[in-house]
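Scope of the values below: all heavy atoms of this structure, side chains included, with no hydrogens, waters or symmetry mates.
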Amino acid sequence: MQLPASLSSVSQSALEPILQSEEMQHWPSNRLDELSYIAGMSQFVTLTLERDSLLRQRLPHMLEFDRRWEEYRLQLKNLLKGCKNEQQGMQVLRQFRNREMVYIAWRDFLHTWSLEESLKHLSELAEALIFEAYSWQYDLCCREFGTPCNSQGEPQPMLIIGMGKLGGGELNFSSDIDLIFTYPENGETQGARRSLSNAQFFTRLGQRIIKVLDLQTIDGFCYRVDMRLRPFGDSGPLVMSYAALEDYYQEQGRDWERYAMIKARVMGSEMYAQYDELRRLLLPFVFRRYIDFSAIQSLRRMKSMISSEIRRRGLTNNIKLGAGGIREIEFIAQSFQLIRGGREPSLRRKSLLEVLKAVRDLNLLPYQDVSQLRSSYCFLRQVENLLQALGDKQTQTLPETEIEQLQLATAMRYESWSELTAEIDQHMSRVHDIFNNLVGDEDESTDDVEIHFHELWDMAQKEEVIEVILQDLEVQDALRCAESIRHFKRDLAKKTLGPRGREVLNHLMPKIFKAVFENKDALYGLPRVLTLIYQISTRTTYLELLDEHKGALYQLVRLCIASPMISEQLGRFPILLDELIDPQHLYNPIQLDDYQVELRDFLARIPEDDMEQQMEGLRQFKQISILRIAAADIAGALPVMKVSDHLTRLAEVTVESVVNLAWRQLSEKYGEPSHLDQRGGKGFAVIGYGKLGGWELGYNSDLDLVFMHDCPVDVVTNGVKQIDGRQFYLRLAQRIIHIFSTRTPSGILYEADTRLRPSGASGLLVSPTDAFAEYQFNEAWTWEHQALVRARIIYGDQPLVERFEQTRHRVLTQARDQETLKQEVVDMRLKMQQHLGGKKSGRFMIKQDSGGITDIEFLAQYLVLMFSHDKPKLTQWSDNVRIFESLMNEGIISESDSQGITHAYTTMRDQIHHRNLLNLSADVDEEKLVAERDLVTKVWQQWLE
């Protein structure tokens, strides 16, 4: 074992503070030689030894034993018994983890055991830490809250299900752990002064387990705990009963959840009997009884998502997510499990290597392919483990610095970095070939691109030639199109594209010309398409995407020609180009009920503790969703009301996700307000006003938000660092606004306007429920009551929802003097016209001019405020369409007026939507919408003049 010279100096420097300690004097010479070798590569090993004198004393003895995992549980149990408080317990867990991880790293670097032995130790260590932490905390919780029992009085355990590599017994060196918590039956605790429901007990227990494993202390942490694979993700309950789990998976389980559940395994051998019942319940969800060829299409979609994620996150040199990486091997194995596991029990194994053996035995893949997948998997997992063992960091991206490259090459027993990367490339290339052959896209016949489109690109600088070509193609305004092409190619020559980029462009541009000039509006679309291609010209992966996917190219051209707004978005955020691959997916927006789950799935691929990437992910999801809504709008698949429904639902789930993200950040720092200990939830609500409150958002709408809480005055948070409960909610609201407004590479999330809160910009950012009600009754102006007509809770616990709805209903149903109300509404309308901009000559301003949308909104608000005292059903809805329907049903306005105004309103909103898509302001020729404006003016005069 010889280190290169540059790593010898690293070793000497790292060992200096260690070798001086007394414990090192008793190390045998062979172990000191091994330490000197490992110290040149692993900062994790040397730092841990430097900090831990007991490890320095014990490590030589530990290294004499091969199967240390057999004693993990017993050792931890005994250590935790002696802990007097939570801090001591967390110290025990962390120190035990670090010591055993040094042992595992040592064996990995010296190659003194197989990959399977390494993975076995890593997985058993995690299981021991998880389960013994659970046992320790379960006993403490039972003493504090009583023992959870079912209706027969039988004690109920909590089962911890390990997912992913933990479930498969293949955990990598520095991995997150994906967990799901569940318990057999509902009931209550027994043996304490005050009983809790089992759900409350297990939620508190789950929170404590996460804390003792995940919290960063002076001794580090055990594992980053990821709970997002549970039903409903972050927005779902932390713990669910068997029955609730079964209902969820049978009614709402998705393809990726089948995929994830394949590896699910309960922690703790004593829980196997308890888990058997749950496993039987979930078996039909995971494994179909028939050969499930329907899974192939969803597998193709998952393959596309893998490619999108690589592009989206700029992942290069990634041995897990890159083409031919570990994930593709896992994907191949699990595709056979999904398709045939219902009929072939041998495919239901958790371990990937065991599944590959079953694939070989069943002759589902050629023998040489299975052998290649096995050897590539073992090789890449070894690279992954050693890469992470350098510094105990969760990464699968190959290092970029020369010293780290040399450390990894040496650890893998290669003479140089180039030799190692050549071997990695060879393995990944072979895996990718097998992957593509197995799950490849459906065949698409590609037409030869006509020769004149090639000439159009090759001869772009020869003015007379391309004008003749365009005239031959019978292009409208050939001179103008020729100038656009020349200008584009001239500007492109100034960019640094590299040989690969120019080669792809030379192949792609004739296809683009063909797609553009087949469209009747090519004259308008060509500049937009060329501008977009210019903006992404240095992003070769996206040019290749368009080159390889004919369908994506044609969707791009179609959308750019239809909407400059879309072409600008695609140019600014090229990740959206991934959405063009599947036209059926593109032109069918997410179902309204599915936005929450789709956003959860999207964010589940991003590390939970990576705030920056989480914020970026929210913005990307919004842009992708708006692209799909706009595409369906352009195609005529969504009427105006549905466009707004989708845009509003998207905003609602975004608000929920932002609240959860902000809450997680603050609660990690301060704990949670203590009044939530008894009632659960967050004690927090977000009220949507205006277009958000009325389900009427447009493409460019802001969000009008007001925040509420129900925290009593004397409450503090329950974290290590305590703050006043109401201060916690103020910081929560500030954090929410920060997440919305911070500019990331994908821009801001939404413009969030909070000026409609009580007392406006000078008022509290977040209002207690009682203060909100008092303000509305005693201090609010009429225009604030008008705003309340179009307000509703878009996020919040049920108690706050009920309080707000009671307050809104009581405020709106107050008796009002008709003349006073009429005057105040008209005065506010005139004030708005004066403040909101000038009149364009010969144009009708759809929102602000008389007979426009604002008149309709004010009319609805006036009639609700005027008549709700006698007709309380008028307060039920906050959107204008259903308000006018209610007014008709209550006999306040005629059916013809109700239908006429609704038609006028939806027609005007439709105009605004489409002008947004064209990047045009909300005005039309004054000869348009005349009948609609006349009707609105007539009804306005009838009631308000």
Side-chain angles (χ1 to χ4, degrees), residues 116 119 161-170 178 180 229 245-246 248-266 275-276 278-307 324-378 380-381 430-443 601:
E116 288 92 331
L119 300 183
I161 302 172
M163 308 291 283
K165 287 188 171 68
L166 173 61
E170 305 156 333
D178 294 292
I180 292 177
L229 291 182
L245 271 187
E246 182 187 19
Y248 172 83
Y249 287 118
Q250 296 302 336
E251 293 174 17
Q252 301 188 49
R254 300 157 70 81
D255 286 325
W256 72 263
E257 287 175 305
R258 283 184 65 198
Y259 181 86
M261 195 57 73
I262 287 172
K263 285 187 177 292
R265 179 173 62 89
V266 72
Y275 183 60
D276 201 45
L278 181 62
R279 189 183 59 79
R280 285 198 304 274
L281 292 175
L282 298 181
L283 192 65
F285 165 67
V286 182
F287 298 110
R288 306 292 193 249
R289 291 181 181 176
Y290 47 84
I291 295 177
D292 186 15
F293 289 113
S294 67
I296 292 174
Q297 199 56 45
S298 63
L299 288 168
R300 285 200 180 107
R301 181 65 189 153
M302 286 188 210
K303 175 196 171 186
S304 174
M305 287 168 63
I306 291 173
S307 302
I326 295 166
R327 183 178 279 186
E328 285 193 0
I329 304 172
E330 294 170 339
F331 197 87
I332 290 167
Q334 288 172 299
S335 67
F336 284 114
Q337 291 182 285
L338 280 180
I339 294 167
R340 297 178 181 271
R343 296 285 290 272
E344 300 289 353
S346 62
L347 288 170
R348 297 178 198 164
R349 307 291 176 83
K350 310 297 181 192
S351 161
L352 183 137
L353 293 173
E354 290 179 4
V355 174
L356 286 179
K357 180 179 181 298
V359 168
R360 183 194 64 200
D361 294 344
L362 294 167
N363 293 316
L364 300 177
L365 271 181
Y367 182 85
Q368 62 270 25
D369 284 358
V370 177
S371 297
Q372 180 64 58
L373 290 172
R374 180 184 173 85
S375 65
S376 295
Y377 179 75
C378 291
L380 293 173
R381 286 303 309 271
R430 289 171 179 169
V431 168
H432 194 56
D433 286 342
I434 299 170
F435 179 78
N436 273 340
N437 290 336
L438 180 67
V439 195
D441 298 317
E442 296 175 67
D443 290 333
D601 295 355

| message | Run the salt bridge (charged side-chain N to carboxylate O under 4.0 Å, His left out) test on D433 and R430 for me, step by step, so that the C-alpha distance in whole Å, both residues' side-chain angles and the decisive distance to 0.1 Å come before the verdict. | response | CA-CA 5 Å; D433 286 342; R430 289 171 179 169; over 6 Å; no

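- Counting heavy atoms from C-beta outward, H432 and N436 have side chains that approach closer than 4.5 Å.
- The side-chain heavy atoms of D361 and S346, taken from C-beta on, include no pair separated by under 4.5 Å.
- Around atom NZ of K357, no more than 12 heavy atoms belonging to other residues, nucleotides or ligands sit under 6.0 Å away.
- Summarising the geometry, atom CG belonging to L353 is positioned 4.5 Å from atom CZ belonging to R374; distances are rounded to the nearest 0.5 Å.
- E354 has no carboxylate O lying under 4.0 Å from a charged side-chain N of K263, or vice versa, which leaves the two without a salt bridge.
- With hydrogens and angles disregarded, no donor-acceptor distance shorter than 3.5 Å links the side chain of S376 to the backbone of L373.
- Put simply, the side chain of L364 reaches to within 4.5 Å of the side chain of L347, judged on heavy atoms.
- For the pair R348 (side chain) and G341 (backbone), a donor-acceptor distance under 3.5 Å is present.
- Rounded to the nearest 0.5 Å, atoms NZ (K165) and CG (L352) are 9.0 Å apart.
- When all heavy atoms of V370 and V359 are compared, the pair lying nearest together is CG2-CG1, 4.1 Å.
- The distance from the CD atom of E116 to the CD atom of E170 is 10.0 Å, given to the nearest 0.5 Å.
- For the pair F336 and L365, the minimum side-chain heavy-atom distance is below 4.5 Å.
- Separating the CD atom in E330 from the CD1 atom in I262 is a distance of 11.0 Å, to the nearest 0.5 Å.
- A side-chain donor-acceptor contact under 3.5 Å links Q337 to the backbone of R349.
- By the 4.5 Å heavy-atom criterion applied to side chains, R343 and R340 are not counted as neighbours.
- Here the rule is side-chain contact (heavy atoms from CB on, under 4.5 Å) with I161, and of D178, L278, L282 only L278 fits it.
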| query | Is there a side chain to side chain contact (heavy atoms under 4.5 Å, CB included) between L438 and D369 once you walk through the steps? | reply | CA-CA 11 Å; L438 180 67; D369 284 358; over 6 Å; no

